[in-house]
Amino acid sequence: MNLNRVDLKQKPELLTLKPANHEINLNLYCCCNQADGPHLQPHLQLHLQPHLLPHLQPHLLPHLLPHLQPHLLPHLQPHLLPHLLPHLQPHLQLHLQLHLQLHLLPHLLPQATSEAGAAKSSDRLPVAQSLTSRGSQLKSHVKEPSAPQTLMKAFMKTPEVGTTANEGSRSSSSSWSPVWSPHSRMSERRFCQEDDCSSLLSRLGSDSPRPRIKYGGMFCNVEGAFENKTLNFESFSPQTQRRRATRSRTEGPDGGDPGRGGAGRTVVFPSGHARENYGRREAGDVLPAQEEQLPPRGKSRPNRTRTGRGGRGDRLIIKGGKIVNDDQSFYADVYVEDGTIRQIGENLIVPPDVKTVDAYGQLVMPGGVDANTNLHTPQKGMNPVDDFYQGTRAALAGGTTTIMDHVLVEPGTSVLAVFDQMKEAAEQRACCDFSLHLDIARWHEGLYEEMETLVKDKGVNSFLFFMAYKDKYQSSDSQLYEAFGVLRDLGAIAQVHAENGDIIDEEQRKVLGLGITGPEGHVLSHPEEVETEAVYRAITVAKQANCPLYITKVMSRSAADVIAKARKKGMVVYGEPITASLATDGSHYWSKDWATAAAFVTSPPLNPDPSTPQYLTSLLACGDLQVTSSAQASFSTAQKAVGKDDFTLIPEGTNGIEERMAVVWDRAVFSGKMDENEFVAVTSTNAAKLFNMYPRKGRIAVGSDADIVVWNPKETRTVSAKTHNLNLEVNILEGMEFRGVPAVVISAGRVVLENGQLNVTEGSGRFVPRKAFPDVVYKRIKARSKMAEARGVPRGSYDGPVHDVSSMTKSVPPTPTTRGPPCPKTQAGLRNLHQSGFTLAGSQIDDHIPRRSAQRIVAPPGGRSNITSLS
Amino acid sequence: MSGISYQGNNGIPHYTGERLLIRGGRVVNDDRSFFGDVYIEDGLIKQVGENLVVPGGVKVIEANGRMVIPGGIDVNTCLMKTYLGTQPVDDFLQGTKAALAGGTTMIIDHVTPEPGGSLLEAFERWQESADKRACCDYSLHVDIPQWNESVKDELEVLVQDKGINSFQVYMAYKDVYQMTDSQLYEAFSFLKQLGAVVLVHAENGDLIFEEQRKILGMGITGPEGHPLSRPEEVEAEAVFRAITLGNRVNCPVYITKVMSKSAADTIAQARRKGSVVFGEPITAGLATDGSHYWSKNWAKAAAYVTSPPLSPDPTTPEHLHTLLASGDLQVVGSSHCAYSLSQKAIGKDDFTLIPEGTNGVEERMGFVWDKAVAMGKMDENQFVAVTSTNAAKIFNLYPRKGRIAVDSDADIVIWDPDIVKTITAKQQQSAAEYNIFEGLECRGGPALVLSQGRVVYEGGKLHIQQGTGRFIPRKPFADYAFQRVKFRNQVNIKQGVTRGVYDGPVHDVAPTPKYITPSPSAKTSPTSHQPPPVRNLHLSNFSLSGMQSETT
C-alpha cells in the first residue's frame, strides 16, 4: 500500500480505513504528505493508537497535538521529541509532564528548566529545586509519592553524561543532548524539508543510494519487525520482573564520532538510568540519601542476569563498515539488539551501553548460510568426528552463521521420530542457528502424512532423494516422480543426490575386479557422466512433475552445464557446488599417500579435470549455479581406513564448512569473476531465499536476525589441519591460501568471533523453521500448474470396426523393472493347499529355534525304497 | 547363361542371372558421383565405368543421365510385430512390395519375441515367414524383451551362427520390455563382447507409465493422450542415459526412432564429445509432425500413434533433416508397422491400447529427397549415405549393399528427381487403409528398381515374385561401429596406484549401527516394512503344480 503518490484530498475514502488495520494505518501515517496533515487530523483523532506513534512523520505533529492524550505520551519515541517540543511547549501542562516517560526527561529538561525560570541552566540545584517543588505541588494530584524523587534523581544524574564525555565542561549540556546542538537543528531542518519524500523508515538506510521500497519484495515486512523496532516497553514496565544477565561491555563513544568528522553522530539516551530508577522505584526503598551514592556512570554496574527469548544478544553497534547485501552496498552503521537488527543508518539513536564493533574498511555482510552439511548422519555405522558442536563452531569461525543439516531417514524408520531426535541433538549442541533437510532413503506412499506434518507443523520444506547407492537408498524414477508430485503439492523443494546408482554399482564391481582397491577406484567408478546423466534425469522427472529441484553437490563441468542448460529452457532447478569442488580437484585420488587420497573421497567425487573449479566458479558468478555449500561430513583417517582394502567401504565426505566463504571470496571475488554482492548472494542470500528463511536470514535489514559477518577482504589465511576448528586430522585444502577472512562474526546478536578468538556457547543455536511455498521457487511453479492443464479433444465416439482381440489380458512378466530394490510380489498361480488363515499370534515358546524352510529326509521311516533296484 | 540359381535357403528357384547394362547414367555413391555404365550379371555388379566390354545380347537400360544409386536400405521395419495377438496388415510380402516401390531394396526387420519367449524360436519364425514371402533381400534385428541368463546363450548363438549383429533393448514399456539401468549395463557389456550393435528404444518408461496414469485420470482417452504422456523430455532423457551407458561400457549405441529435436540434439552433442552413437530418424518424423494427434477425426489421429510420438513442434522435421545433412544423424529408417484402422480401434477408449506404428517404408526415400536434397540441404551423395550406405556400414552389409561397385549386389535404383507424386492411400502398396502422409506432395522417386539384378519396378509397375528375398547374414564387429571401440578398449585400461599398505588406526565398525525408532509410523510401505514374523502353522511347501481339474 504505497501512498506516496496518493493525494489524500482526492481519496478521502482512504482515510476511513479501519483503524484495526495496523498495516494500512502505518503506511498511511508514514507516507502522507505535509499537505495532507489537516485532512488527516480528524482521522488521527479517531485512529491514533499508541503503536502508531513511533511511525508518525514529524510534520504531522502539529496536527496531532490537540489530540495528544495523556495515555499516549509514554509511547512517544525520543526521536520525535525535538519535533514535538516546540509544539508541545504551550501545551505542556504539568499533568502532561507527569505522564511523560522518565527516559524522555533528559530531552525535556532544558524545556523544563526554562519553564522554571532558571536562566542559569548550568546550575543544577535551582532546577532540581524547582522540579522538586513542582513535584511536591503535585503530590496532591498524584497518587505515587515517589514521583518527585524519581524526577529529581533523573535530573541529578543525567548531566554527568555530559561531563564524562566532555571532561567536566560544565556548559556542555548540549553535547549529551544533541537535539539542541546547532548541528542537530540543522539536520532537523533538513529533515523537515525532505519530509514529503518518503517514509521515515526508508531513510534509515543511508544517505548514499536510497534503498528501494518494494512491498512484498526484499524490503517486505519481516514478521514482527515493526514491533521489534520500537523499544521493548514491556521490559520497562514495572509489572514484569526481569533478571538481567551479566554482560561484559565496552563503552562506546558517547559523543559524536571523531573519525567520521562529525558527519554521523550517535545519539545516546541514558535509558539505562531510567531503567535502574524504575527498578528502584519498584523495589520501593527510595531514599534521597542513597541517591548521592549512586555509582557514577561508566563504572561497573550491578550484575544483571538476562533472560527470555528476546534477551539473548548483546546490544551492538557495528560502525563504519560497508554493508553488503545481495542487491547493493552502502555505508551505514548497524544497531543490533536482542539478536535482531534494529536500526541501520548513519545517525542511529542507540542506548549508551552498547558494544561497538569497529568495521572500518571492512564489509558488513549477512552471515553465511551453508545449505548442506552432514554433521550427525552416520555412515556405515560411524558417526562423523565433527558433530553439531564442532561443526557449527567451525562454521562460525569461517563466517557461516546458519547451517542446514541433512537428516537421513533410514528405510523403515519413522520420519518424524528421526527428525525430532536430530532436532533435539542439534539444539543441545549447535552453536549457530540451524535448519534441517530430510533425506528420504526410500519413498513410499505411506510417508505422505509424516511429510505433511513436517512441512506444515515442523518447519521443514526440503527433502532429499538419492539416485545413487543402489539397493540401499536409491529411488527409482517412478518413486521420484511420485515423491516430487507430493512435494509440489506440499510446497517443498526436492533435492537429489544425482548419480546413477545402477551404473556405479556395475562400475565398482568392474574396478574392484581389475584389482583396484585404493581411493582412485572411487573416482574411476563414479565417472563424471554418471553424475551428468542423473542430473539430466532428475531434471526431466522434476519437469514432468512440475516440482522445483535442487541438485546437491555439483562436482563436474558437464553436470553444471546440464543445469545451466535446463535453466535456460526455463526449468526451476538450482545447483549447488561445494567447497571442495570449488577449491580443488580430483587429482589427489591418485596420491601415493593412502590417507590423503582417502580424505578426498566424497560422492559425487571431485573431478580429475583440473579446470573444474574455475569453471564452476564462473557458472556461480553468472548465476547458473546459485548456492555454495560445504557438504561437510568429516570422517577421521581411522574411520576412512575401514575401506583400506576396498574403496567402496570408505565413508564419504570432505571438510569445507569453515573454508567455504573464504574459498568463494578468493576464487571468485578476488579473481574478479564476481562482485561482493554476488558473493553475498551465493554464500547466503540465495540459500535463504530458496529455503524460505529470507529475509530473516541472508540480509542485513531492520528486523532480520543479527547474523552478521564483518569481512576483511585483505587478510590472507592459510588452511591447515593444525589450525582449523574441526576434530578432523586432515584438511583437504591443506596449505592453500585464501584471501578474505571473517574479522568479526555475530551470531544471533552475540559476537562469537573477534580478534581471532572464538567464543561460542554450546546449545545456543536455534532451530530455524521454514515455511512451505518459498516465493522465489514457487511463484513460477504455481503459475505453471495452472497453465499445464492438458485437455482432451472432444470427438464423436469412434463407431467403425474394432479388431477382435482374443486375449486382451496383458501378460505382466515377473521381471522387476524399477530401479529400486525389487518388491516382493505375491505369488499367484500355484495353489497352496496348506495355506490357511490359522496363525499363532505373539511369540511362541520355541521361537528361538531357527526354523527350517524344508526338511530333507535322509533316512525315511520304514527304510529306503529304491525302485530302480527292482530291475 | 541366364539360368536358375538356388540362392537362399528357401529352395525356391528364382531368376537372378539376368545380364543387364545400365547405360548413360550418373553413378552416385556416398563419396562421389560420376558418369558411367553399370554391367550386371548373376545379381552382382560386374563392371562399372565407361566403355565397358560386355557380352552381346544383354538387356540395356538407358538411364539418360539420371542418377544411378544403390538401392535403399530400410533398417527399421516391423512387419510381423504381434500386438495382442494380431499381426500388422503389411506382412513381409506387402511390406517389401511397398519398399521396392519406394526404391528400397533391402529391409532389416525387427524380430519381436514375446516376453519370456525364446529369441531363437522367434528368429526362426521370422526367417521362415520372410523367406516365403519377402520379395527383396532382408535381414533381421532381434529385440531382447527381457534380460536374463538364458538370453545370453541365445544371443551368442544368434550372433555366431545365425548372422545377427544387432539387438534392440527397450527403456520404455514398463513391466513389459523395459530394462533397468543395471540390466542395460549388463546387456551392453555382453553385446559388446559379441560384437553386436545395441539398438535402443529410448524413452523413460517409468515416467511414461506415471504420465499415462495421470492423463487417463484426467479423462483424456483419445490419441492426443499419447503425445501428452510421452513428452519430448522423456525421450531426450532416455537418449542421454543410453549414451551414458554406452560410454561407460564403451560400446556402439544406435538410437532407433529419433523423433524430437532435443533427442536429436542430445545425439549430436554426444557425437561431438566422441561417443560412438548413431541416430535414426524415421519417415514419419521427417515428413510430418504431431499436430495431427489433436485431429477431430479419431481414425486419423490414431493412425499417427507411434512411440516415441511425433513431436507436436512443427519445426521438428526441418531440424532433423538439417542434422541428417550435417551427419549428426546417420540413417533413415521407416519404422513401418502398419495396423489397420480396426486394429487401432482396439484403443478407442484408452489411448494406451492403440497399437503403435505408422507407415513409411514406401515414402522413405522420396521424402528425404523432397525435404532435404530438393531443398538444397543435402547433396545427392549424402542422400545415398543416409538412405543406404551408412546403414550398410553400421550393420556390416557394406560393401555388398549400399554401394555401386564391382562385386556388390545389384540392388540399384535409377532415381528420377523430377517425378512428382501425391501420396495417397489409394495408390500405395501397403495394405493399410490410411496413409499418414495423405495428400502430401513429394518430388523425386525411383524410375526403375533393380533387386538382385532383376528389374522389379519400372514405370510405376511392380514385377515381383513372392519369396525371392534372401536373408542376408551379417557378421559381428562391423568396422564402422567397432573400430573406435577396439582402440578405446586398449587405451582405457584403468590402473590402480601402487601404494604402501595403510597401517594407521582403523575405526571399529559397530555391527548394528541402525537407528531404533520407538514408534514406526502407521503407514509404511509394504516393501520397507516387513511384518513381524507370524508363524503360519499351515504353510508348507506342499503344492499342486499345473492345472487342476477344478480350476475352471
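Below, chains carry the letters A, B, ... as their sequence lines are ordered, and counting in each starts from 1.
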Of the backbone (N, CA, C, O) and the side chain (C-beta and beyond), which part of Glu235(B) lies under 4.5 Å from a heavy atom of chain A, both, or neither?
->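 The answer is neither part of Glu235(B).
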
Can you tell which part of Lys592(A) gets under 4.5 Å to a heavy atom of chain B, answering side chain, backbone, both or neither?
->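 For Lys592(A), the contact with chain B is made by backbone and side chain together.
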
Give, as side chain, backbone, both or neither, the part of Lys348(B) having an atom under 4.5 angstrom from any heavy atom of chain A.
->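 Only the side chain of Lys348(B) comes within 4.5 Å of chain A.
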
Counting heavy-atom pairs under 4.5 Å to chain A, which of Gly222(B), Pro145(B), Ser295(B) comes out on top?
->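 Highest number of heavy-atom pairs under 4.5 Å: Ser295(B).
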
By a 4.5 Å heavy-atom criterion (distance strictly below it), what part of Pro651(A) contacts chain B: side chain, backbone, both, or neither?
->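 For Pro651(A), there is no contact with chain B at all, as no heavy atom is under 4.5 Å.
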
Side chain from CB out, backbone as N, CA, C, O: work out which of these in Tyr293(B) comes under 4.5 Å of a heavy atom of chain A, or both, or neither.
->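 Backbone of Tyr293(B) only, per the 4.5 Å heavy-atom cut-off to chain A.
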
Can you say whether Tyr185(B) sits under 4.5 Å from chain A via the side chain, the backbone, both, or neither, judging by heavy atoms?
->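 Only the side chain of Tyr185(B) comes within 4.5 Å of chain A.
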
So what's closer than 4.5 Å to chain B heavy atoms on Val511(A): side chain, backbone, both or neither?
->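 The side chain, not the backbone.
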
Atom group of Asp593(A) that falls short of 4.5 Å from chain B, counting heavy atoms |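 Contact with chain B involves the backbone of Asp593(A) alone.
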
Looking at side-chain heavy atoms only, is the closest gap between Gln269(B) and Ser275(B) below 4.5 Å?
->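 The answer is no; the side chains never approach within 4.5 Å.
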
Side chain, backbone, both or neither: which part of Lys640(A) has a heavy atom under 4.5 Å from chain B?
->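 Looking at Lys640(A), nothing touches chain B.
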
Among Ala441(A), Gly800(A), Ser591(A), which residue forms the greatest number of heavy-atom pairs with chain B at distances under 4.5 Å?
->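 Answer, by heavy-atom pair count under 4.5 Å with chain B: Ser591(A).
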
With a 4.5 angstrom heavy-atom cut-off, could you sort out which part of Asp349(B) is near chain A: side chain, backbone, both or neither?
->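 No part of Asp349(B) comes within 4.5 Å of chain A.
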
Indicate the ring-plane relationship of His292(B) and Tyr304(B), choosing parallel, tilted or perpendicular according to the 30° and 60° boundaries.
->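 The arrangement is parallel - the two ring planes meet at less than 30°.
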
Check: Tyr173(B) ring centroid to Tyr170(B) ring centroid under 6.0 Å |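 Centroid distance Tyr173(B)-Tyr170(B): below 6.0 Å, so yes.
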
Pairs of heavy atoms under 4.5 Å with chain B: top-ranked of Asp645(A), Leu514(A), Thr532(A), Asp505(A) =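 Between Asp645(A), Leu514(A), Thr532(A), Asp505(A), the count favours Thr532(A).
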
Between Phe240(B) and Tyr536(A), how do the two ring planes meet: parallel, tilted or perpendicular, split at 30° and 60°?
->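 Correct class here is parallel.
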
Can you tell which part of Ala236(B) gets under 4.5 Å to a heavy atom of chain A, answering side chain, backbone, both or neither?
->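 Backbone plus side chain of Ala236(B), per the 4.5 Å heavy-atom cut-off to chain A.
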
Tyr448(A) portion near chain B, given a 4.5 angstrom heavy-atom threshold |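 Contact with chain B involves no heavy atom of Tyr448(A) at all.
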
With a 4.5 angstrom heavy-atom cut-off, which part of Leu228(B) approaches chain A: side chain, backbone, both or neither?
->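 It is the side chain, since no backbone atom gets that close.
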
